There are 2 protein chains.
Amino acid sequence: MYPNFISHIRKYVELDDHTVARLNQYISPLKLKRKEFLLKEGQICQSIYFVEKGCLRMYFIDDKLNEQITQFALEHWWMVDHFSFQDNKPSSYFIQTIEKSEILAINTSSFESMLRELPQMERYFRIIMQRALAAAQLRNKYMYEMSKEEFYQHFSTSFPEFAQRVPQYMIASYLGLTPQYVSELRKKKL
Amino acid sequence: MYPNFISHIRKYVELDDHTVARLNQYISPLKLKRKEFLLKEGQICQSIYFVEKGCLRMYFIDDKLNEQITQFALEHWWMVDHFSFQDNKPSSYFIQTIEKSEILAINTSSFESMLRELPQMERYFRIIMQRALAAAQLRNKYMYEMSKEEFYQHFSTSFPEFAQRVPQYMIASYLGLTPQYVSELRKKKL
DNA sequence: AAAAAAAATTAAGCTGGTTTAAGAAATGTT
DNA sequence: AACATTTCTTAAACCAGCTTAATTTTTTTT
């Protein structure tokens, strides 16, 4: 049905066939073209999104009217504005496809019912959130210890798949650099 | 028994008296003086720590031999090197008391058994990790949109309790500033 | 209370990375 | 194939925040 979704969950918890069938009740699949929005600034983030196929970015508009990208999501990553989703508050972010994508959405009330009905899913989300925290802690450490140049080199060697799929200026934005500076760094490396 | 601990959990899930009694099986209370260590670089982070009373910091030693603080924890906050704790890998952090503290520790295997025995605790940790992610996402946004000066002003007005309990140079380190620059900012504000 | 250690301040010079402004190259669309 | 749009590059001037180094103030220990 949604092979990436189910196999991702099965990496962390056991799922019998009945549970898989029940899961489908809670999921809304979405087919989106390039540059379509799942969330816009001012809206409440009503769903948590799983990338079955494709690629998403999350960004906000800063005081100089730049699009500041704070997150990407490729296949089998989750994307959500946690603050807005948890407390039903208006988001300050946009969530947009970078490519044609297949997304699974679980809205607030489905999420709640699903976790109550299926304890494996409560466990699954505890585990992946714990892993997301580990990742956030590591990224944070990198930001303390690396210069922007090192941060860029580290990112582009650690995650070369992004350079294939995401324009350079978006990577620059995500890393907190100007596109001009990234251009300079690339020239330097050749 | 551990009033802050129990009341914190009860903010998020229901606990009956039996469960509270069972919980105690998994917890090791620690009384620590000022500047004692719960974790040192190279060790595996074997426990997740709850601050019942007092104050902790987490830091690593950077390439210039500075202590780079990445986290504080006051009463009813959790502290852990997620990466080390989850994958049993040597930590690159130190966790140390800033003041005399009372800490509750749950080690890796207790944590696992506790979550298996007490589904409320699985739920509790899913919720607090989700909230921690929301907080991390927010902090991250601040780092993109604020100058270091704004970041400092924002932190010191939003969390004045830290200025009371934590030396200024530690706050500077946590915010990624030099103590000299913080000094300059304070002078400017008066 | 004195000595030692830790923390905070001051000030001058410097640098990593930004800003501004054009132009060139690549990609998407008709 | 031509046009329009998006993305990338180049270069010079600039500045927020760091480095270095010395002094002062505060806190801790004896």
Side-chain angles (χ1 to χ4, degrees), chain A residues 32-37 54-55 57 59 61-69 72 94 96-101 142-156 160 162-190, chain B residues 32-36 55 57 59 61-69 72 94 96-100 142-156 162-190:
Chain A
L32 300 172
K33 286 184 286 201
R34 189 164 172 270
K35 297 201 178 183
E36 287 198 272
F37 288 96
C55 180
R57 66 171 179 150
Y59 67 90
I61 307 290
D62 71 14
D63 48 356
K64 287 158 202 150
L65 305 182
N66 296 318
E67 296 177 354
Q68 256 301 342
I69 297 175
F72 293 117
F94 298 80
Q96 188 191 32
T97 55
I98 294 179
E99 329 166 337
K100 187 176 156 198
S101 302
Y142 290 150
M143 300 206 42
Y144 280 106
E145 69 186 341
M146 292 180 187
S147 68
K148 295 205 162 182
E149 175 168 2
E150 290 168 324
F151 198 48
Y152 170 76
Q153 301 298 356
H154 178 264
F155 180 84
S156 37
F162 281 92
Q164 313 303 314
R165 296 173 69 171
V166 176
Q168 186 174 305
Y169 80 94
M170 287 193 186
I171 292 175
S173 170
Y174 173 68
L175 297 175
L177 311 178
T178 58
Q180 294 85 331
Y181 189 50
V182 167
S183 200
E184 193 179 304
L185 292 177
R186 281 163 54 95
K187 184 171 59 169
K188 204 162 141 185
K189 241 324 168 53
L190 298 182
Chain B
L32 300 172
K33 285 184 286 199
R34 190 164 170 269
K35 298 200 178 183
E36 287 198 271
C55 179
R57 65 171 180 150
Y59 67 91
I61 307 290
D62 70 15
D63 48 358
K64 288 159 200 147
L65 305 181
N66 296 318
E67 297 177 355
Q68 255 301 342
I69 297 174
F72 293 118
F94 298 80
Q96 189 191 32
T97 54
I98 294 179
E99 329 167 336
K100 187 177 156 199
Y142 289 150
M143 300 205 43
Y144 279 107
E145 71 186 341
M146 291 180 188
S147 69
K148 295 206 162 183
E149 176 168 2
E150 288 168 325
F151 197 49
Y152 171 77
Q153 300 299 356
H154 179 263
F155 179 85
S156 38
F162 281 92
Q164 313 302 314
R165 296 172 69 171
V166 175
Q168 186 175 307
Y169 79 95
M170 288 193 186
I171 292 174
S173 170
Y174 173 68
L175 297 174
L177 312 178
T178 57
Q180 293 87 329
Y181 189 52
V182 167
S183 202
E184 192 179 305
L185 292 177
R186 280 164 54 94
K187 183 170 59 170
K188 204 162 141 184
K189 242 324 169 50
L190 296 182

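Just so it is clear: chains get the letters A, B, ... in the order the sequence lines come, proteins before strands, and each one is counted from 1. Quantities reported herein were computed from a predicted structural model and do not represent experimental measurements.
A:Leu185 CG to A:Gln153 CD: the interatomic distance, rounded to the nearest 0.5 Å, is 6.0 Å.
With B:Thr97 contributing its side chain and B:Lys33 its backbone, the two residues share a donor-acceptor pair below 3.5 Å. In this structure, B:Gln96 contributes its side chain and B:Arg57 its backbone to no donor-acceptor pair below 3.5 Å.
When DNA chain D is scanned in the 5' to 3' direction for atoms under 4.0 Å from non-hydrogen atoms of chain B, the outermost contacting nucleotides are D:dG17 to D:dT28.
What you find for A:Ser101 and A:Glu99 is that their closest heavy atoms are OG-O, 2.7 Å.
Rounded to whole Å, the distance from NZ on B:Lys35 to P on C:dA6 is 7 Å. As a whole-Å value, the separation of B:Ile98 CD1 from C:dA6 C1' is 15 Å. Put simply, CD on A:Glu184 is 17 Å from P on C:dT20, counting in whole angstrom units. Atom CD in A:Glu149 sits roughly 15 Å away from atom P in C:dT15 (whole-Å rounding). Atoms NZ (B:Lys188) and P (C:dA8) sit 20 Å apart, rounded to a whole Å.
The phosphate of C:dA8 has neither OP1 nor OP2 within less than 4.0 Å of any side-chain N or O from B:Arg186. Put simply, B:Lys187 has a side-chain N or O that comes within less than 4.0 Å of OP1 or OP2 on C:dA11.
Residues satisfying the side chain to side chain contact (heavy atoms under 4.5 Å, CB included) test with A:Asp62, not counting sequence neighbours, are A:Phe60, A:Lys64, A:Asn66, A:Gln68. Legend: residues meeting side chain to side chain contact (heavy atoms under 4.5 Å, CB included) with B:Arg34, ordered by chain and number and at least two apart, are absent.
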Going by atom type alone, with no hydrogens or angles, which donor-acceptor pairs under 3.5 Å involve a side-chain atom of residues 166-182 of chain A and a protein atom two or more places apart or on another chain?
| unit_1 | atom_1 | unit_2 | atom_2 | d |
| --- | --- | --- | --- | --- |
| A:Gln168 | OE1 | A:Arg186 | NE | 3.0 |
| A:Gln168 | OE1 | A:Arg186 | NH1 | 3.3 |
| A:Ser173 | OG | A:Glu67 | O | 3.1 |
| A:Ser173 | OG | A:Ile69 | N | 2.8 |
| A:Tyr174 | OH | A:Arg139 | NE | 3.1 |
| A:Thr178 | OG1 | A:Tyr181 | N | 3.2 |

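Ring pair B:Phe162/B:Phe155 is tilted by interplanar angle, where 30° to 60° counts as tilted.
Ranked by how close their nearest DNA chain D nucleotide is to the 5' end, B:Lys64 and B:Arg34 are led by B:Lys64.
Helix bend of the helix from C:dA1-D:dT30 to C:dT30-D:dA1: the angle between its two end axes, each built from five pairs, comes to 60° after rounding to 10°.
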Run B:Asp63 and A:Glu145 through side chain to side chain contact (heavy atoms under 4.5 Å, CB included) and show every step you take. CA-CA 8 Å; B:Asp63 48 358; A:Glu145 69 186 341; 6.0 Å; no
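Heavy-atom distances under 4.0 Å link DNA chain D to B:Gly176, B:Leu177, B:Thr178, B:Gln180, B:Tyr181 of residues 171-181 of chain B, given in residue order.
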